[in-house]
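Note that ligands are numbered from 1 as they come in the structure, with each ligand's atoms numbered from 1 the same way. Every heavy atom of this structure was used, including side-chain atoms; hydrogens, water molecules and symmetry mates were not.
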Amino acid sequence: MRIEGAEELARRLARLTHLIRDAIVAAFQTGNASELLTGWRSVFAQTLLPELAENGKEAEFADMFAQTLAYGLFSARALTSVSTRFSPAEAAKLIPKTNPFLRDFFDLITGPKLDDEPFVGYVQDVVTLLDCADMGAILEDFGKGIGAGRRHDLVVHFYETFLSAYDPKLRELRGVYYTPESVVSYIVESIDWLLREKFGLKDGLADKTKIAVKLKEGAEVIEEESHRVLILDPATGTGTFLFEVVEQIRERFERKHQAGLWPAYVHDHLLPRLFGFELLMAPYAVAHFKLGLELSVRHLPELWRANWAYQFRPNERLNIYLTNTLEDIEKVAQQLGLLSIISREANEASTVKKHRPVLVVLGNPPYSNFGRQNRNDFILGLLDDYKRSLKEKKLNLDDDFIKFLRWAHDRIERPARVSSASSPTTSISTA
Ligand SMILES: C[S@@+](CC[C@H](N)C(=O)[O-])C[C@H]1O[C@@H](n2cnc3c(N)ncnc32)[C@H](O)[C@@H]1O
């Protein structure tokens, strides 16, 4: 069997993902869920989505797990060379370059621990399906639909096709909407302009200058050096905004024929300045793969790749974290044994929230009320500042996008509160 069309692959993958989801739901409903599954469920609930622990929410957990598994494997397949035979070991090898968390997740879900799970056969089917996929032809197929110059957004376009085959309603329910590329590039260009024209930073988003910041940790004050232009997308979804930032900066290097300077710049001045937070596993995995693909420049002609492909160094990661952005920044997630990879991720994100002097907050926040995870005392307390002496009747001031604006506002003020010497005092927030 050889699969050459993107639609066909998406349909088949969606069907197998359904089967994995159903097997997990059945395991919970019959009281046969393994320790591995119950462990994952409770750690997801404690760290990210509290309602997942409730009775009746088995399908939501199963869905999150099944989608991450299937889509993670697809994304890894998109990274392997067309001629390579595909296997879970191959997938796991590709992941650590951008993300230690996904690597651990894949080790857990594709290793021997999975052998006793009722859905292990379907996972094998996904691997076989991807092995039979002619990725060259499939990527070509997507290229036709996306239009010149945007072929590198394949992973996201495939995800949309996959989701509409998998469960069209879920897309709406979870607010899985991608920001159109034209809107994203306009916003990113505008921020670049603002940095250059209003902040006097001649290199705009590519700025690599540093400032001294003073961090207050309890009674102690620590002085640190930090890049001046730190960029954060707090609702990063599939990473569209960070992707565009990388794209626009790399194009500048390309125009100046500076391929030789690119790897050192990415390592020293680009990756350390980019941050993203996301609550859901599937878009989070997509964001990592998407930025990984972008930096590996798979969309450029073969001849160019040798010059522009960035090789991640050992232990180097993208600073895109699986976390609840609106969570109290003082909350420390418990280390939960084997599954401590999730709490580690949340705690690293919390350090960014607390200590990094972010200058640019950009992105497209959720416009719905996402559920209980976006209603905690921390963010509701901050929101009270906006409501004070306001008699607003028409606008729902508890809506998620206002919470994210309030959060960004707080985030931007934070460095001014904790640091003194030459710290940024004004910042840009775009949403
Ligand atoms: C409109 S989408 C962003 C789309 C993104 N710009 C893209 O093009 O993929 C909003 C994102 O916010 C995420 N989100 C919602 N509540 C969140 C929270 N409390 N913490 C972190 N992310 C959250 C959703 O999962 C969703 O991916």
Side-chain angles (χ1 to χ4, degrees), residues 44-45 47-52 60 63-64 67-68 71 75 150 152-160 163 170-188 191 231-247 274-291 294 319-329 331 333 342 345-346 348-350 352-353 361-380 382-383 398-408 410-411 430-431:
F44 271 54
T47 322
L48 298 165
L49 296 160
E51 66 251 44
L52 284 184
E60 286 191 27
D63 187 51
M64 201 169 180
Q67 272 201 62
T68 309
Y71 203 73
S75 308
R150 307 307 298 185
H152 40 292
D153 232 359
L154 296 166
V155 176
V156 170
H157 287 271
F158 186 85
Y159 185 54
E160 283 173 349
L163 257 195
L170 190 78
R171 185 169 175 195
E172 199 174 327
L173 191 76
R174 284 269 175 240
V176 184
Y177 288 111
Y178 305 110
T179 317
E181 283 161 4
S182 48
V183 174
V184 177
S185 64
Y186 174 76
I187 290 178
V188 171
I191 294 174
I231 302 162
L232 166 70
D233 181 347
T236 213
T238 57
T240 335
F241 281 88
L242 297 178
F243 176 93
E244 185 65 27
V245 169
V246 174
E247 179 83 346
L274 298 183
F275 299 92
F277 298 152
E278 173 55 46
L279 182 67
L280 297 181
M281 281 281 280
Y284 163 83
V286 174
H288 270 274
F289 282 110
K290 188 170 141 151
L291 266 94
E294 163 70 359
N319 295 316
I320 299 178
Y321 297 99
L322 186 68
T323 184
N324 185 335
T325 303
L326 305 178
E327 191 67 83
D328 186 342
I329 53 171
K331 182 176 159 187
I342 296 204
E345 185 80 1
E348 279 183 37
S350 167
V352 176
K353 291 178 193 171
V361 181
L362 83 176
N364 180 9
Y367 283 80
S368 56
N369 272 316
F370 219 71
R372 233 166 307 151
Q373 70 273 13
N374 285 350
R375 294 191 61 76
N376 58 63
D377 290 348
F378 174 73
I379 191 62
L380 293 178
L382 284 178
L383 217 52
D398 283 329
D399 214 329
D400 279 354
F401 77 93
I402 303 186
K403 290 186 198 130
F404 271 83
L405 273 178
R406 179 67 190 95
W407 186 91
D410 178 68
R411 193 42 284 210
T430 306

Give me the atom names and distance for the closest heavy-atom approach of [X] to [Y].
{"X": "Thr240", "Y": "Lys290", "result": "CA-NZ, 3.7 Å"}
{"X": "Asn376", "Y": "Ile379", "result": "OD1-N, 3.0 Å"}
{"X": "Leu322", "Y": "Tyr284", "result": "N-CE1, 3.3 Å"}
{"X": "Glu278", "Y": "Ala235", "result": "OE1-C, 4.1 Å"}
{"X": "Phe404", "Y": "Pro234", "result": "CE2-O, 3.5 Å"}

Just to check, does Val184 reach to within less than 4.0 Å of ligand 1 when the distance is taken from its heavy atoms? no
Is Pro366 near ligand 1, meaning one of its heavy atoms is under 4.0 Å from it? yes
Can you sort out which atoms of ligand 1 are near [X], meaning under 4.0 Å from one of its heavy atoms?
{"X": "Thr323", "value": "20 (N), 21 (C)"}
{"X": "Phe241", "value": "6 (N)"}
{"X": "Gly237", "value": "9 (O), 27 (O)"}
{"X": "Asn324", "value": "18 (C), 19 (N), 20 (N)"}
{"X": "Ala235", "value": "3 (C), 11 (C), 12 (O)"}
{"X": "Thr240", "value": "5 (C), 6 (N), 7 (C), 8 (O), 9 (O)"}
{"X": "Thr238", "value": "7 (C), 8 (O), 9 (O)"}
{"X": "Leu280", "value": "25 (O)"}

Validate the cation-pi geometry between Lys353 and Phe277: distance from NZ or CZ to the six-membered ring centre under 6.0 Å, angle to the ring axis within 45°. yes
Per [atom], closest listed option by heavy atom ([options]):
{"atom": "atom 5 (C) of ligand 1", "options": "Thr179, Leu242, Leu322", "result": "Thr179"}
{"atom": "atom 24 (C) of ligand 1", "options": "Glu327, Glu244, Glu181, Glu278", "result": "Glu278"}
{"atom": "atom 18 (C) of ligand 1", "options": "Phe277, Phe404, Tyr284", "result": "Phe404"}

Under 4.0 Å between heavy atoms, the region of Asp233 that gets near ligand 1 turns out to be neither
Does an N or O anywhere in Thr325 fall below 3.5 Å from an N or O of ligand 1? yes
Within this structure, what is the CG-CD1 distance for the pair Leu232 and Ile320, rounded to the nearest 0.5 Å? 10.5 Å
So CG of Leu326 and CG of Asp400: to nearest 0.5 Å the spacing works out to 7.0 Å
Quick one: do Glu348 and Asn319 satisfy side-chain contact (heavy atoms from CB on, under 4.5 Å)? Show the steps, please. CA-CA 9 Å; Glu348 279 183 37; Asn319 295 316; 5.9 Å; no
Hey, does the side chain of Thr68 reach the backbone of Met64 with a donor-acceptor pair shorter than 3.5 angstrom? yes
